[in-house]
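Numbered from 1 within each chain, the chains take letters A, B, ... in sequence-line order. Model, not experiment: these values are computed from the prediction.
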Protein chains: 2
Amino acid sequence: MALEHAILVSLDERPGTGYELARRFDKSIGFFWAATHQQIYRTLKRMDELHWVTAEEITQDGRPDKKVYRVSEPGRQELRRWLEEAGEPATIRHDLSVKVRGASLGDPDQVAAEVARHRDQHAERLDVFRAIEKKDFPDPSALHGRRLHQYLVLRGGIRAEQALVEWCDEVLEAMRGDVRRESREDGVR
Amino acid sequence: MALEHAILVSLDERPGTGYELARRFDKSIGFFWAATHQQIYRTLKRMDELHWVTAEEITQDGRPDKKVYRVSEPGRQELRRWLEEAGEPATIRHDLSVKVRGASLGDPDQVAAEVARHRDQHAERLDVFRAIEKKDFPDPSALHGRRLHQYLVLRGGIRAEQALVEWCDEVLEAMRGDVRRESREDGVR
DNA sequence: CTGTCCATGTAATTCGTTACATGATTCA
DNA sequence: TGAATCATGTAACGAATTACATGGACAG
C-alpha cells in the first residue's frame, strides 16, 4: 500500500492538515493517486502512532482546531526504504474495457456512447494537464531534482490521458464501421 | 464494482469453474481486470445467490469435484443494465509515480533502477500483446461483433503498455541527464 | 521425490466507500 | 438566506489482500 508513502511525499513537500492533504489528493497528487478524506484521516492517525509524522495541534477561534502534520525522521527513513524496494506493476481495473468487451451482449451503440463520454472526460483532463505543463514548467530542460520529478509525473499523466483519448477514438471509429457493415448486410439479405 | 460484470462477460464467452476463471484472470481478462481466486470464489457464491449464474456440480474421481458456472437470464439482464449505465473514469493508483515524485527524498539512482525494472516488465507485456494481436487478429478490418470488441480491448492494452514504456524511457533519460548535470556542478564548485 | 496442476475453500486483517455529524465563517 | 469553505471525525459495510489448508495425479 502506498497511500502512506504518497502522504509522506506530499507532507515533505509541505506540512499540512488532513483537510489540506485531502484537497491535494483532489488535484496534483490525485492525478496519480486517489484518496478520500476519510482514508487520509485514518491513515494519518496510524502514521502518527507509528511516529512517521508528528502532529502539532493548533487551536483556532472562529474555525475548528487543526492538526498540522510534518514528516519525522522515522517517516523519512520509511520513505527511503520504500523508494528502494522493488514493487509490482500496478494492478489494472478498467471498467470501460469490460464494457467494450461485453458490448455485443447488450446494445453496442449504448456502449459506444459510454466510450464517447469517457473520451471527452479524458480529453478535458488532458487539457488541464497540458495547461499546467505550459504554466508551471515552461522550460523543462532547465529542471532538476524535485521540480524535475514533479514534471516527469505530470508527463506520465499527459501520456496516459493521451493514450486513453486515442484508444477511445479507435474504439468509436471501429464500432461505427461495424454498425455500417451490419446494416449493409441487413440490406443484402 | 465490476468484478461480477467481468465474470459475467467471461462466463458468457465460455462457462467454467472458479478455478478456470481465476486462470483467465491471469491472462486475457487479467490484462484489464485483476482478480485473485479468493475474490472470484467469493463473488461467484454471491452471484449464485443472486441467481445471476447457475452452478452445475460435477463429481470427479482422481481430482476434486468442481462446479461449472454459466450465466443465467437474470445475469444477462444485469449485464445489459450495467453496460448502459454511466460509469466514472477509473481511479488511478500508480505507485511508480509516487516513487518518481519522491525520488529526491531518497537515492534517485535507486528510483531510476526501479523505473528501469518496470520499463522492462511493460516492454515484455507489450511484446506478448503484440504477439497475440498478430496471431489472433491478422486482419482487423474484417472483424465485427464480439471478435471486434475483443480486439479493441487488446488494442487498449497495447496502447497502455506502449505509453508506459515510453514514459519510463522519458523518465530514465531525464534522470540520467540530471545526474550528469549535478556531477558537472560538483566539479565546478 | 519434488514440484506443479486441479479445485475448493476458511480466516484474519486491512483497505476503500458511503453516509452521517458538527459548527462557525464568508461570500453571493 | 443559502451555499461553500474550513476542519475533524464516527460508523457501517463491502472489497481486497494474505496466509493457511486439503489431497490426489502426474511429470521430470
Side-chain angles (χ1 to χ4, degrees), chain A residues 1-7 11 14-27 29-30 32-50 52-53 55-69 82 85 87-95 98, chain B residues 1-7 11 15-27 29-30 33-50 53 55-69 82 87-95 98:
Chain A
M1 226 279 299
L3 174 55
E4 44 239 89
H5 302 104
I7 289 176
L11 281 184
R14 192 155 21 91
T17 67
Y19 184 85
E20 264 181 277
L21 276 169
R23 288 196 310 137
R24 293 186 210 169
F25 276 82
D26 278 343
K27 325 176 273 174
I29 311 166
F32 55 93
W33 199 276
T36 63
H37 83 268
Q38 292 85 347
Q39 270 180 80
I40 290 165
Y41 281 122
R42 193 161 16 100
T43 305
L44 277 173
K45 203 178 167 184
R46 186 157 34 87
M47 290 169 75
D48 194 5
E49 283 160 15
L50 289 167
W52 291 0
V53 294
E56 182 193 356
E57 286 200 50
I58 296 179
T59 44
Q60 302 186 118
D61 46 47
R63 52 190 53 188
D65 297 350
K66 64 181 179 180
K67 290 179 207 156
V68 175
Y69 291 94
W82 177 77
E85 179 187 88
E88 290 302 302
T91 53
I92 313 148
R93 265 159 205 164
H94 203 236
D95 283 61
V98 179
Chain B
M1 227 278 300
L3 173 55
E4 43 237 272
H5 301 104
I7 290 176
L11 282 183
T17 67
Y19 184 84
E20 264 182 276
L21 277 169
R23 288 196 309 136
R24 293 185 210 169
F25 275 82
D26 278 342
K27 323 176 274 175
I29 311 166
W33 198 277
T36 63
H37 81 268
Q38 292 86 346
Q39 271 179 79
I40 290 165
Y41 282 123
R42 188 168 14 99
T43 305
L44 278 172
K45 202 178 168 185
R46 187 157 32 88
M47 290 169 76
D48 194 5
E49 283 160 13
L50 289 166
V53 294
E56 183 193 356
E57 287 199 49
I58 295 179
T59 44
Q60 301 185 119
D61 47 47
R63 52 189 53 187
D65 298 350
K66 63 180 179 182
K67 290 179 207 153
V68 175
Y69 291 94
W82 177 77
E88 290 302 302
T91 53
I92 313 148
R93 269 163 201 161
H94 203 237
D95 283 61
V98 179

Pick the nucleotide of DNA chain C nearest each of Lys45(B) and Ala34(A); which residue has the one closer to the 5' end?
Lys45(B)

Quickly work out the Leu3(A) CG to dG16(C) P distance and round it to whole Å.
6 Å

On the side chain of Arg42(B), is there an atom forming a donor-acceptor pair with the base of dA15(D) - under 3.5 Å, no angle test?
no

Distance, rounded to the nearest Å, where Glu88(B) contributes CD and dT17(C) contributes C1'
13 Å

If only side-chain N and O atoms of Arg93(A) are considered, is one of them under 4.0 Å from the OP1 or OP2 phosphate oxygen of dA15(D)?
no

Reckon Tyr19(A) has a side-chain N or O less than 4.0 Å from the OP1 or OP2 of dT8(D)?
no

Heavy atoms only, 4.0 Å cut-off, all strands: where does Gln38(A) land among base, sugar-phosphate and nothing?
base

Search all heavy atoms of His94(B) against all heavy atoms of Trp33(A) and return the closest pair with its distance.
N-CE3, 3.3 Å

Distance, rounded to the nearest Å, where Ile40(B) contributes CD1 and dC6(C) contributes C1':
15 Å

Could you check which of dA15(D), dA16(D), dG9(C) has an atom nearest any side-chain atom of Tyr41(B)?
dG9(C)

Calculate the interatomic distance between Arg63(B) atom CZ and dA25(D) atom C1'; express it in whole Å.
7 Å

Rounded to whole Å, CD1 of Ile58(A) lies from C1' of dC6(D) at a distance of 14 Å

From dA7(C), dT8(D), dA16(D), pick the nucleotide closest to the side chain of Lys67(A)?
dT8(D)

Whole angstroms only, please: what is the CG-C1' distance between Asp65(A) and dA24(C)?
12 Å

How close do Ile40(A) and Gly18(A) get, heavy atom to heavy atom, and via which atoms?
CG2-O, 3.9 Å

Considering all heavy atoms, the nearest Pro15(B)-Val68(B) contact
CB-CG1, 4.2 Å

Taking only side-chain nitrogens and oxygens of Thr36(B), does any of them come within less than 4.0 Å of OP1 or OP2 of dA16(D)?
no

Of all heavy-atom pairs linking Arg93(B) and Gln39(A), the shortest is NH2-NE2, 4.0 Å

Send over the distance from Arg46(B) CZ to dC13(D) C1', rounded to a whole Å.
12 Å

Side-chain N or O of Thr43(A) closer than 4.0 Å to phosphate OP1/OP2 of dC15(C):
no

For dT5(D), does either OP1 or OP2 sit under 4.0 Å from a side-chain N or O belonging to Arg23(A)?
no

Take the protein atom OH of Tyr69(A) and the nucleotide atom P of dA7(D), then report the distance between them rounded to whole Å.
13 Å

Please state whether the phosphate of dA7(C), meaning OP1 or OP2, lies under 4.0 angstrom from any side-chain nitrogen or oxygen of Gln60(B).
yes

Need to verify one output field. Residue with the more 5' nearest nucleotide on DNA chain C, Trp33(A) or His37(A)?
Trp33(A)

Quick test of your reading of the model: are Glu20(A) and Lys66(A) salt-bridged, counting only N-O distances below 4.0 Å?
no

